[in-house]
Amino acid sequence: MEIANIFWRNIKWRLQNPLTVIMTLLQPLIWLLLYSTVFNADFTGISSGSYTGFILPGILVLVIFASSGSSGVINYIMKTKGSFYRIQISPVKRSSIILGHILDSAVLSYLEIAVLFIISFFLSAKLSLEISDFIPLIILFFLVIFFISSFSYTLSLILPDENIFFVIINTFVLPIFFVSTALIPYESISSGYKTVVLLNPFTHVINSVRNIILENTTDWGIFINSAGIMLVLCILSFLLSVYYLNKSSNNI
């Protein structure tokens with residue numbers, strides 16, 4: 001019940017501020033349209049046969065970065081209005097507060113992912129999806145949402161204001177996105193960067209999503225590897241956010 005209350009409070013804030021939904025979707029949408037148009041001719045030899053379909057998994061992860069990564073800004077707005085401190089002194093479990101926050105990010109992210117899927121069909125993305133394929137996709141996306149939103153929540157507890165918060169988020173998001181297989185096949189990446197790309201956990205997520213939506217099959221080895229990595233990151237980031245929320249509550 002506590003989680004549901006926190007979740008509904010965040011959803012009401014979203015409904016009162018619809019611009020936050022539009023802005024987090026806008027950048028990935030522009031990138032999907034831009035890259036699928038500009039670079040389509042340069043990657044005609046990719047195995048998927050459609051560059052739009054090839055970059056879609058990376059753009060879907062990017063939209064999670066945008067929606068879940070910026071979700072911590074809600075805390076700064078609540079601090080200004082004083083509602084955040086009322087939550088801190090309430091008997092609500094710290095874990096419930098964070099889980100409610102994560103569920104809000106999940107709803108927003110899944111909504112925007114659905115929009116991008118629909119738009120990709122109009123861009124002639126050659127996807128091979130069956131109903132059963134959505135189960136591993138939903139699991140992978142949720143793990144990414146969980147990690148990014150809990151990490152974002154932690155940053156909002158540590159950093160003094162939202163300006164620094166956005167600087168930190170933007171500093172890390174784009175390098176993580178570009179140093180992956182989001183836009184370029186692994187075989188086309190120069191040898192000096194291949195190790196770095198493989199060390200990027202989101203490379204494995206993107207590869208797994210690409211395998212599911214383009215190959216009409218699930219490579220369970222890739223899926224378990226990427227899901228396992230993200231699960232570890234989820235646990236660490238969640239424990240970190242609980243720790244800092246408890247610490248901020250004790251300092252009141």
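Start at 1 with the first residue, then count along the sequence.
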For this session: Please confirm whether the backbone N or O of Ser150 pairs with a side-chain atom of Thr154, one donor and one acceptor, at under 3.5 Å?
Result: yes
Seminar exercise, completed: Closest non-hydrogen contact found for Ile145 with Ser149 is O-OG, 2.6 Å
For this session: Give, for atom CD1 of Ile235 and atom CG of Leu239, the distance between the pair rounded to the nearest 0.5 Å.
Result: 7.5 Å
Seminar exercise, completed: Smallest heavy-atom separation, Ala182 atom then Ile206 atom, equals CB-CD1, 3.8 Å
Exercise. Is the shortest heavy-atom distance from the side chain of Ile118 to the side chain of Val115 under 4.5 Å?
Worked result: no
Problem set entry | Closest non-hydrogen atom pair, Arg94 against Leu245 | O-CD2, 3.7 Å
Problem set entry | Donor-acceptor pair between Ser68 and Ser109 side chains, under 3.5 angstrom | yes
Exercise. Side chains of Tyr153 and Tyr244: closer than 4.5 Å at any heavy-atom pair?
Worked result: no
Problem set entry | From Asn211 atom CG to Ser226 atom OG, the distance as rounded to the nearest 0.5 Å | 9.5 Å
Exercise. Is the shortest heavy-atom distance from the side chain of Ile64 to the side chain of Phe202 under 4.5 Å?
Worked result: no
For this session: Start with the C-alpha gap between Phe141 and Val209, add the side-chain angles, then the distance that decides, and say whether side-chain contact (heavy atoms from CB on, under 4.5 Å) holds.
Result: CA-CA 9 Å; Phe141 288 143; Val209 172; 4.0 Å; yes
For this session: Report yes or no: do Phe151 and Val73 belong to one cluster of Ile/Leu/Val/Met/Phe/Trp/Tyr joined by side chain heavy-atom distances under 4.5 Å?
Result: yes
Exercise. Taking everything shown except Tyr243 itself, do over 12 heavy atoms lie less than 6.0 Å from its OH?
Worked result: no
Exercise. Any link between Ile176 and Leu198 through a network of hydrophobic side chains (Ile, Leu, Val, Met, Phe, Trp, Tyr) touching at under 4.5 Å?
Worked result: yes
Exercise. Does a side-chain heavy-atom distance below 4.5 Å link Val173 with Leu62?
Worked result: yes
For this session: For this output row, return yes or no: ring centroids of Phe65 and Phe177 closer than 6.0 angstrom.
Result: no
Exercise. Could you give the distance from CG (Leu240) to CD1 (Ile98), rounded to the nearest 0.5 Å?
Worked result: 9.5 Å
Problem set entry | Distance in Å, Ile189 CD1 paired with Tyr186 OH, rounded so as to fall on 0.5 Å steps | 7.0 Å
Problem set entry | Modelled atom types, side-chain donor and acceptor of Asn207 and Thr181, under 3.5 Å | yes
Problem set entry | Heavy-atom neighbours of Tyr193 OH exceed 12 at 6.0 Å | no
Exercise. For the residue pair Gly72 and Ser152, what are the closest heavy atoms and their distance?
Worked result: N-OG, 2.9 Å
Exercise. Is Lys194 atom NZ crowded by more than 12 heavy atoms from other residues, nucleotides or ligands, each under 6.0 Å away?
Worked result: yes
Problem set entry | Steps toward side-chain contact (heavy atoms from CB on, under 4.5 Å) verdict (Asp133, Ile213) | CA-CA 8 Å; Asp133 294 328; Ile213 69 175; over 6 Å; no
For this session: For the pair Tyr110 (side chain) and Ile138 (backbone), establish whether a donor and an acceptor sit closer than 3.5 Å, ignoring hydrogens and angles.
Result: yes
For this session: Classify the angle between the aromatic ring planes of Phe238 and Phe146 as parallel (below 30°), tilted (30 to 60°) or perpendicular (above 60°).
Result: tilted
Problem set entry | Rounded distance (nearest 0.5 Å) linking atom CD1 of Ile59 with atom CZ of Phe54 | 11.0 Å
Seminar exercise, completed: Scanning both residues in full, the closest heavy-atom pair of Leu143 with Met230 reads CB-CB, 3.8 Å
For this session: Specify the closest pair of heavy atoms between Ser95 and Val242, including all atoms of both residues, with the distance to one decimal.
Result: CA-CG2, 4.3 Å
Exercise. Cluster question for you: counting only ILVMFWY and a side-chain heavy-atom cut-off of under 4.5 Å, with indirect links fine, are Leu155 and Leu236 together?
Worked result: no
Seminar exercise, completed: OG of Ser241 to CD1 of Ile158, rounded to nearest 0.5 Å, is 10.0 Å
For this session: Indicate, with yes or no, if Val167 and Leu174 share a hydrophobic cluster defined by side-chain heavy-atom contacts under 4.5 Å among Ile, Leu, Val, Met, Phe, Trp and Tyr.
Result: no
For this session: Spell out, yes or no, whether Leu231 and Leu103 are grouped together once hydrophobic residues are joined by side-chain heavy atoms under 4.5 Å, including indirect joins.
Result: yes
